[in-house]
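Below is one structure, written out as C-alpha cells, with a few remarks after it.
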4 protein chains.
Amino acid sequence: MKRNKPKYHQIINAAVVAIAENGYHQAQVSKIAKQAGVADGTIYLYFKNKEDILISLFREKMGSFVEEIQKALAGKSTAAEKLMLLVEHHFTMLAEDRHLAVVTQLELRQSNKELRLKINAVLKEYMQLIDEVLKEGVEKGEFRSSLNVLLARQMIFGTIDETVTTWVMNEQKYDLPALAPEVGNLLLNGFSIR
Amino acid sequence: MKRNKPKYHQIINAAVVAIAENGYHQAQVSKIAKQAGVADGTIYLYFKNKEDILISLFREKMGSFVEEIQKALAGKSTAAEKLMLLVEHHFTMLAEDRHLAVVTQLELRQSNKELRLKINAVLKEYMQLIDEVLKEGVEKGEFRSSLNVLLARQMIFGTIDETVTTWVMNEQKYDLPALAPEVGNLLLNGFSIR
Amino acid sequence: MKRNKPKYHQIINAAVVAIAENGYHQAQVSKIAKQAGVADGTIYLYFKNKEDILISLFREKMGSFVEEIQKALAGKSTAAEKLMLLVEHHFTMLAEDRHLAVVTQLELRQSNKELRLKINAVLKEYMQLIDEVLKEGVEKGEFRSSLNVLLARQMIFGTIDETVTTWVMNEQKYDLPALAPEVGNLLLNGFSIR
Amino acid sequence: MKRNKPKYHQIINAAVVAIAENGYHQAQVSKIAKQAGVADGTIYLYFKNKEDILISLFREKMGSFVEEIQKALAGKSTAAEKLMLLVEHHFTMLAEDRHLAVVTQLELRQSNKELRLKINAVLKEYMQLIDEVLKEGVEKGEFRSSLNVLLARQMIFGTIDETVTTWVMNEQKYDLPALAPEVGNLLLNGFSIR
DNA sequence: GATGAATGAGAGTTCATTCAT
DNA sequence: GATGAATGAACTCTCATTCAT
C-alpha cells in the first residue's frame, strides 16, 4: 500500500507547496520532486501520473477535512449549532494552512474539466455532510419544513467558498475565522422558523 | 477604435462558441479564427494576445449583463424587490445563452490566476451593484442595520454562482430561472428584520 | 496537397541523411529538422508525427523504385530478361544512393512492429511486380509449370535483400551492381526448364 | 562460470517468452525478471546489461541450432542431401519453438545496429556451415565449378530467412516444414550442373 | 487590412541500471 | 547471492505569435 509509505505524503505536501508558490501551471513534476527531495522518477513509483498527484492531494486533504468536521459536530445536539461549527471549522482549517487555501481556492480550479469532475466526486462527501445537517434541522423543527435542502446546501457551500476565495484573493490579510459567527448567522436566518 | 469594427465582436462571439464546444484548453487561437471566419493573424489586429480575447469577452458580456440588470432594477422601490429581480435576471440571462453559461461557469475558471484577477476586476462593477442594493436595504430599514454588507454580498454572489454552476454541471437539465424566487427568499430571510 | 510542396521532400531527404548518419534511434525530430533547415514545428505541418515521416520516406522512395523498374521491364519480351533487369536495377538504385541503402537495409528495420507492418504494405506492390514476372514466365513456358510462385518470389526477394544487406554491412566496399548477372542466373537456374 | 548456473538459462528463457509476448520494445528488464521469477537486480548478477541478455540469448539458441544441424548432416554423403536436410531442420526447429521464431525473425531485428552486428558475428558459424556444404558440392562435382560460394550462401540464407519471416508474419498458420523440399529444390537447381 | 506558413520553447514520463540492506 | 526502491537522462509534439506577401 503506497499510501502508508512516508514518501507518499512527502510528495503530496511538496505538491501543495510547489503549487502554492509557483502556481498550477508552473508546478512542473520536476519542481514537485525537487521540493519533496526525491528524483523525478520516484514520483511515478507512488502516483500514476501528474493528475493522480493532484487528485490524491485533494482526496487526502479533503478527507481529513470532512473527518475533522464530523468529529467536531459529533456531540452537538442542534442543527444550528452544527452549522455554526461547520462554518467555523471550515474557515479555521484553511486559515491554518495558507498554502492549502491558495491551492484549493485558486490553483486547483485551473485544472481541466476532467480533473475537476474527479475533484467534485471527492467533494460529494462534504456535500452529503451538509445535507444531513440540513435534514436534521428540518426534522427537528429547527428549520422551515418547506426548506429546499439542495438549494440550501448550495447557499451554504457557495457562501463559504466565496468568502474563503475572497479572503485568499485579498492575500489573507484579515482574520477569516473571526467572520464565522456572522456568516453562520446569515445562513441560519435564511433557514430558521421565525 | 477596434471595438466598433464588426470583426471585433465576430471574434469574441467565435471565442464563446469555440470555448463552449471545445473546452478552454482545446480552444486554440486557430480554432477561434476558423470559427470567426478570419485568418489566425487577423486576431492579432484586434487583440493584443489570447488573454486579451478572453478578458474582452468577459468584459463585453458582463458589461451588458450589469447594464440589463441595472435597467431592470430601475423603477423598483424596495431593496427586497431589487434583490429578487437581480437573482431572477442573473439566472434568466445565463439560461438564455447556454454557451455563455458553460464558458463563464466552467471553462473560464481554468484560466490562470493572473487572468482570473483581471476577470475579478471586471466583476467589481457587478459587486458594487449588489452592494448598493444592500446598502439601500439597510438605509431604508428593510435589512438589519447590523448587516455586514461585504459578507452579505459574498453570500449573494456565492449562492447565485454555486447554483448556476451546479445547474451547468448537471448539463442544464432543469429549469434554472424557476429556482430564482426560492433562492431570493433564502437570501432575504438572512438579511431581513424579523 | 502537402506532397507537392518543396518542404515535403526536403524533410524526407533530410530524414534519410539524418538516419543514415546517426542511426534510427539517434535521428531525433530536431536533428531531421536541422538537417532540413526548418524549425522542429515545421515538420508537423507536413507530417502527422515522426512515424509518418518514416512511412512517407519509404513510400516515396519505394514508389519511384517500383516505377523505375516497371519502366525498365516495359519493352522486354522474356520473363528471364525481366528478372535479370529487376535484379540489376534493384542493385543499381541502392548502390547509387548509399544513404538510402543504409536506411532501408539496416536502420528502418529497427522500427517497431507496427511501423514495419505499414512498410510491408508498401512493399506489397514490389512483391506483386515480382509475382507477375514469375507468372508470365510460367505461362510462356520459360519456367517450370510446377513452380510455386509464392516460394519463388520469397527466394528472389530474400536473395536480393540478403545480398544488399551483406554489401551494406561490409560498408559497401565492393561493386554491388557487378554481382547482378550472377545473382540473376542463380535464381533463373532454379526456375528454368532444363 | 555464470553460464552453468540454473538462473542463467532461466533468465534467457524468460527473455524469449517476454519478448515474444510483449514485443522487443515492451520487454523491459523488469518484465524479464518477473517472468524469470527473480528480482530486477539479480539479472545484473548474470548479465552485464540488457544487450548482453539478448546476445547471450541468440548465442545460446543459435549454438544449439548449429550443433543440431551439424549432427543431422554428419552421416550424409552428398552436398545436395545436406542442403536439403539443412533447410528442413532450419524450418522444423523454428516451427517447433514458435516463441523463438517470433523473437529471431521479428523482434530481435528491432535492436540497434550495434547489437545486430554482434548477432551477425554469432551467425557467422552458421554461415560457415553453409559455405562448407557448398564447397563440398563444388569439390565433389555436384555443383557448378563456377559457383560463387559467397553469393550462393547469401541466396540460401536469404531464401530460408525470407520464407520463415513470411511464415511468422502470416501468424504461422501454414505448415512451414512441408515447404522444405520445394525450397531445397529451388536452391539446388540454381547450383547444380545440368 | 488580411493572410497563413513558419517558428521554437517547453514538460510529462519511461526504464536500464545501481546499491544499501 | 539476492533484493527492489530509487535514480535521472532523454525526446516528441503543441500552439501562441510573427512577418513577408
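Every chain is numbered from 1, with letters handed out A, B, ... down the list of sequences. Side-chain atoms are counted along with the backbone in the values below, which use heavy atoms only and exclude waters and symmetry mates.
Summarising the geometry, the separation between CD on D:Gln28 and C1' on E:dT14 is reported as 8 Å, rounded to the nearest angstrom. For the pair D:His25 NE2 and E:dT13 P, the interatomic distance rounds to 21 Å; values are reported in whole Å. E:dT17 atom P lies 20 Å from atom CG of A:Asp40, rounded to whole Å. Rounding to whole angstrom units, OH of residue A:Tyr46 and C1' of E:dT13 are separated by 17 Å. For the pair A:Asn22 CG and E:dA11 P, the interatomic distance rounds to 11 Å; values are reported in whole Å. To the nearest angstrom, C1' of F:dT14 lies 18 Å from CZ of C:Phe47. Rounded to a whole Å, the NZ atom of D:Lys34 is 12 Å from the P atom of F:dG4. In this structure, the CD1 atom of D:Ile11 is 14 Å from the P atom of E:dT17, given to the nearest Å.
Neither OP1 nor OP2 of E:dA2 sits under 4.0 Å from any side-chain N or O of B:Tyr44. Side-chain N/O atoms of A:Lys7 include one lying less than 4.0 angstrom from OP1 or OP2 on F:dA6. Between C:Gln26 and F:dA10 there is no side-chain N or O to OP1 or OP2 distance below 4.0 Å.
With salt bridges taken as basic N to acidic carboxylate O contacts below 4.0 Å, one links A:Glu51 and A:Lys118.
Nucleotide F:dA20: paired with E:dT3 (Watson-Crick or G-U wobble, both distances less than 3.5 Å).
Within a 6.0 Å sphere centred on CD of B:Gln10, heavy atoms belonging to other residues, nucleotides or ligands number more than 12.
No side-chain N or O of D:Asn22 forms a donor-acceptor pair with one of D:Gln28 less than 3.5 Å apart.
Ranked by how close their nearest DNA chain F nucleotide is to the 5' end, C:Ala27 and A:Val38 are led by A:Val38.
Contact annotation for C:Val29: backbone-only contact, meaning every heavy-atom pair under 4.0 Å involves sugar-phosphate atoms and none involves a base.
Here the CG-CG distance, from A:Leu94 to A:Leu100, works out to 6.0 Å after rounding to the nearest 0.5 Å.
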